[in-house]
Amino acid sequence: MKNKTFSYRAIKTFAMLLGPILFIGSSSFSQSQERQKISERKPNVIYIIVDDMGIGDIEPYGQRKIRTPNLMNLAKNGLTFTQHYAGNTVCAPSRAALVTGRHSGHNQIRGNYELGDFTDEKEYGQMPLLPGTTTLGTVMKDAGYHTALIGKWGLGGPHSYGVPTKQGFDYFFGYLDQKQAHNHYPTHLWKNDKKFPLENEWLHPHQSLPDGVDPNDPQSYQSYIREDYAQNRITNEALKYIEQQKQAPFFLYLAYAGPHAALQAPETEIDNYKFEERPYGVDSRYLPQRRPRAARAAMITNIDTAIGKITTLLATLELENDTLIIFTSDNGPSLEGGADLDFFDSNAQFRGYKRDLYEGGIRMPTIAKWPGKIKAGTQTNHISAFWDVLPTLAELSGSGAEPQTDGISFLPTLTGVGPQEQHDYLYWEFHRPNGEHTQAIRFTVDNDPNWKAIRFYFKNKKTSPKLELYHLGTDVSETNNIAHLHPDVVKRAKQLFETSRSQSEFDAWNFDF
């Protein structure tokens, strides 16, 4: 694809004025002519992404308190990744990296840039993808697939040019605005470009218990309980879509909004977990929850149950052997909403959470299953990231597209067919509204791919950037900063920090070290 330059236009209601953004860089992905043909029939692809789930939150990665039997079954019959990384440490830039195949140093969307507010009246969404962007949807559609996004989007609000049906997806059902997804019992979802009403009264997702109420009394929470659970609607729509598209190859991007706060699930499912609880709701920033531990566990088990329904349906339709399923999370776990991450050991042995570029914020639980093509019960240490998914699916689908991407196809890792190309480095940058920017890079020095550097920059402070260096091979928990011991490695990291990114015409994404 040739380089293109577009301009954002001022959209008072749904967007903001942005300058032109130039797509910079060349694809590192190439399709091998010698690689074995994978299947006579193009496989269906179901890519499942959840929200704010840590690598330690599910049983295949050691979880002991939350029941995820269907994900255990997925791992038993598939491939578990130990070193697969999110696109970023918060929602929008992570999903932008996934959808476009560009890391956050080259992406249009490098942070959560919110428009409007949490009300239905000002549901404006986030910074939208530009018209003409190459996405997972356009690549798979060009390869002859029917394409659908069911679940959370966050890359363009209602009536903007970023909506899924303008970005390569034939069908959309779910949340357009990720702020709306802070409430799992909203008044509506979206079906293509129309509101799809749910049977819920509106509820602001950020509020506290009133003064004087007893936080331990179940009656104090009755006004926050609703019945029409959006995650169940998403599951049912996914099952319906699979049934409808069973005759032709389909690509389903299935994006659950849980277990992102607010911590909400059907009361009967919360009842299935009995933990000692500390109610959340006094001076809270999300919706009050009397049983936050049980609620978060129930949210994760609800998604696991949905995955079981999907795999059962595929088997019933005799599509199991013709379908690649990939499961992952968009970033590390979050403490928001009363989540007790220490209780669940949600980030396992890794340091950091959501909004950190330490491993706990970006190393993701990732499982792939494709019977007959992926060897069951296996594990891979291949180092990969969200921006690798687009070239992987382009190769898998036989697409003739040659998208600009920072990624490398990991199809050989999935199938065991052909040599697997490796990254020289992986790069991230994260931007906070307060002007704090963080860069991280995992890179190879002298054939050792275990070096990790993180650099912090405070835009409004006249201080030198702080750089930390870790060796993940000997210190996977990133507890021992060894920058002072390896000046040559630090020098290489600084070079990569400067050359791995392009300046954006949207100044919020820029910084000058």
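No experiment lies behind these values; they were computed from the predicted model shown. Heavy-atom basis, side chains included; hydrogens, waters and symmetry copies ignored.
- Residues passing the side chain to side chain donor-acceptor pair (under 3.5 Å) test with Thr235 are Tyr256, sequence neighbours excluded.
- With Asn302 as the fixed residue, the side-chain hydrogen bond (donor to acceptor under 3.5 Å, both in side chains) test singles out one of Gln231, Glu269, His184: Glu269.
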(request) Report the C-alpha distance between Thr80 and Gln379 in whole Å, list the side-chain angles of each, state the deciding distance to 0.1 Å, and finish with yes or no for side chain to side chain donor-acceptor pair (under 3.5 Å). (result) CA-CA 5 Å; Thr80 301; Gln379 186 179 92; 5.8 Å; no
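- Classification of Glu277 and Arg290 as a salt-bridged pair fails, no side-chain N sitting under 4.0 Å from a carboxylate O.
- By the side chain to side chain contact (heavy atoms under 4.5 Å, CB included) test, Ala148 is found to be paired with Tyr171, Tyr241, Leu252, residues two or more places apart in sequence or in another chain being considered.
- Residues forming a side chain to side chain donor-acceptor pair (under 3.5 Å) with Asn112 (at least two apart in sequence, or on another chain): Gln178.
- For residues 85-101, the salt bridge (Lys or Arg N to Asp or Glu O under 4.0 Å) pairs, not counting sequence neighbours, are Asp51-Arg95, Arg95-Asp330.
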(message) As a quick check of understanding, evaluate ring-ring contact (aromatic ring centres under 6.0 Å, His included) for Tyr85 and Trp428, giving each step before the final call.
(response) CA-CA 10 Å; Tyr85 289 91; Trp428 300 264; 5.2 Å; yes
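- Using modelled atom types and a 3.5 Å distance limit, the side chains of His471 and Asp448 yield a donor-acceptor pair.
- Using a distance-only test at 3.5 Å, with no hydrogens or angles considered, no donor-acceptor pair links the side chain of Asn200 to the main chain of Thr187.
- To the nearest 0.5 Å, the span separating CG on Asn77 from NZ on Lys375 amounts to 13.5 Å.
- A side-chain hydrogen bond (donor to acceptor under 3.5 Å, both in side chains) with Lys354 holds for exactly one of Thr89, Asp52, Asn331, Asn347; it is Asp52.
- Between Phe511 and His431, the ring centre distance stays below 6.0 Å.
- Applying the salt bridge (Lys or Arg N to Asp or Glu O under 4.0 Å) test to pairs two or more places apart or on separate chains, those with a residue in residues 57-74 are Asp57-Arg296.
- Scored by the side chain to side chain donor-acceptor pair (under 3.5 Å) test, Ser477 finds no partners at all (sequence neighbours excluded).
- For the atom pair CD (Gln167) and OG1 (Thr100), the distance works out to 10.0 Å, reported to the nearest 0.5 Å.
- Applying the side chain to side chain donor-acceptor pair (under 3.5 Å) criterion to Arg233, with sequence neighbours excluded, gives Asp228.
- In this view, Tyr358 satisfies the ring-ring contact (aromatic ring centres under 6.0 Å, His included) rule with no residue, not counting sequence neighbours.
- Among residues two or more places apart in sequence or in another chain, the ring-ring contact (aromatic ring centres under 6.0 Å, His included) test is passed with Phe275 by Tyr273, Phe343, Phe344.
- Although no hydrogens or angles enter the test, the distance criterion places no donor-acceptor pair under 3.5 Å between the side chain of Trp387 and the main chain of Leu426.
- A salt bridge does not link Arg291 to Glu276: none of the charged side-chain nitrogens sits closer than 4.0 Å to a carboxylate oxygen.
- Remark: the Asn381 side chain and the Thr82 side chain contain an N/O donor-acceptor pair separated by less than 3.5 Å.
- Applying the ring-ring contact (aromatic ring centres under 6.0 Å, His included) rule to His182 yields the partners Phe118, His206, His260, Tyr286; only residues at least two apart in sequence or on another chain are considered.
- For Glu267, the CD atom is densely surrounded, since the number of other residues' heavy atoms within 6.0 Å is greater than 12.
- Partners of Tyr47 by ring-ring contact (aromatic ring centres under 6.0 Å, His included), not counting sequence neighbours: none found.
- At a cut-off of 3.5 Å, with distance as the only test, a side-chain donor of Gln439 or Tyr427 sits close to an acceptor on the other residue.
- Taking both residues in full, the closest heavy atoms of Tyr353 and Asp342 are given as OH-OD1, 3.3 Å, listed atom of the first, atom of the second, then distance.
- Using modelled atom types and a 3.5 Å distance limit, the side chains of Ser104 and Glu429 yield no donor-acceptor pair.
- Judged as a side chain to side chain contact (heavy atoms under 4.5 Å, CB included), and not counting sequence neighbours, the contacts of Ala295 are Leu263, Ile270, Gln289.
- What you find for Pro279 and Pro292 is that their closest heavy atoms are CA-CD, 4.3 Å.
- Checking Ser502 against His106 by side-chain atom types alone, no donor-acceptor pair falls below 3.5 Å.
- Side chain of Arg351 to backbone of Glu478: a donor-acceptor contact under 3.5 angstrom is found.
- With 3.5 Å as the limit, one finds a donor-acceptor pair spanning the side chains of Glu123 and Trp190.
- Classification of Lys452 and Glu359 as a salt-bridged pair holds, one side-chain N sitting under 4.0 Å from a carboxylate O.
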